[in-house]
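To start, the structure itself, in structure tokens.
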Amino acid sequence: MSAQLDKAVNTLAYGGRLAADHPGFTDTAYRARRAVLADVAARYRPGQPVPDAPYSDEEHELWRTCTLALAERHARGACSAYLDGVDALALPGDHVPQLREVTALLQPITGFSYEPVPGLVSPSDFYGALRDGRFMSTQYIRHHSVPSYTPEPDVIHEVIGHANQLAVPSFAAIYRAVGDAVQRVHTDAAVQFLSRVFWFTIEFGVVREGGGLKAYGAGILSSFGELDAFADADVRPFDVVAMGTQPYDITKYQPVLFAAESVDALEQELTGFLSTYDDEAFTRLTSRRFAS
Ligand SMILES: [Fe+2]
């Protein structure tokens, strides 16, 4: 597994380790909370009830703060399909929902369920679970000193970002298509390409709507700092090969984004690409791009 792929998978799938520049790195109380919540996830066994995470009053307060700040920005910056998902899912604003609560709300809409993960999961496991309608989610919450942004996926990102997306049938179809596609590839390079396409669409995708630019990516929609900044990015036309070969830095607001012309066009183009993606398609697509 390459370093870049490792970095991408860390961001997408878990948040167990703290880097030295993490806002909670020197906060021993925060690190202890992370350990408690990781233990809860570690007790989970597939097929068993998802154990509840014992959130503190401060963690519920942080959820309330972020929920309010995000909702205000979603009204201006989120695409209409995502806002439909917000209405359909109706997440609680007053407490951090347990993953079993998220599943109870989401499963009747698009069939997806949430399962806890304490740490690293392989890209095959993370993306492969999507095929079965299972979303592997962290449970810890970002550090209170930087509520506007997290460089790793916390429960705010997983639930406000991804679950609201997963409540939209068009987006849920893309997640399942990613899960199908990852079963067909066997090289790190082909998985990395898929990870980058996922990053620039499901995580940081934007769409043209109503004469402006709106966000549908979970990474933007779960970060009020990113929501304030995304309109200033270098916005490029939707191009799967460009996305699959575009490096990114997870520790900064994203300077490059790719805009779909509509959510319907996004679903059509992306599921079409994913339905035939395999090792051979990866080689064909990337050799053509680098040869031109
Ligand atoms: Fe994510």
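In each ligand, atom 1 is the first atom listed, and ligand 1 is the first ligand listed. Hydrogens, waters and symmetry mates are skipped; everything else that's a heavy atom, side chains included, is used.
- Ring-plane geometry between His95 and His60 is classed as perpendicular, the angle between the planes exceeding 60 degrees on a 0 to 90 degree scale with a lower cut at 30.
- Within His157, the N, O or S atom lying nearest to the Fe ion (ligand 1) carries the name NE2.
- Ring pair Phe198/His162 is parallel by interplanar angle, where below 30° counts as parallel and above 60° as perpendicular.
- Side chains of Ser223 and Tyr253: a donor-acceptor N/O pair is absent below 3.5 angstrom, by distance only.
- Distance check for Glu158 against the Fe ion (ligand 1): none of its N/O/S atoms falls below 2.8 Å.
- When ring centroids are compared, Tyr114 and Phe135 come within the 6.0 Å threshold.
- Nearest to the Fe ion (ligand 1), among the N, O or S atoms that Glu203 has, is OE2.
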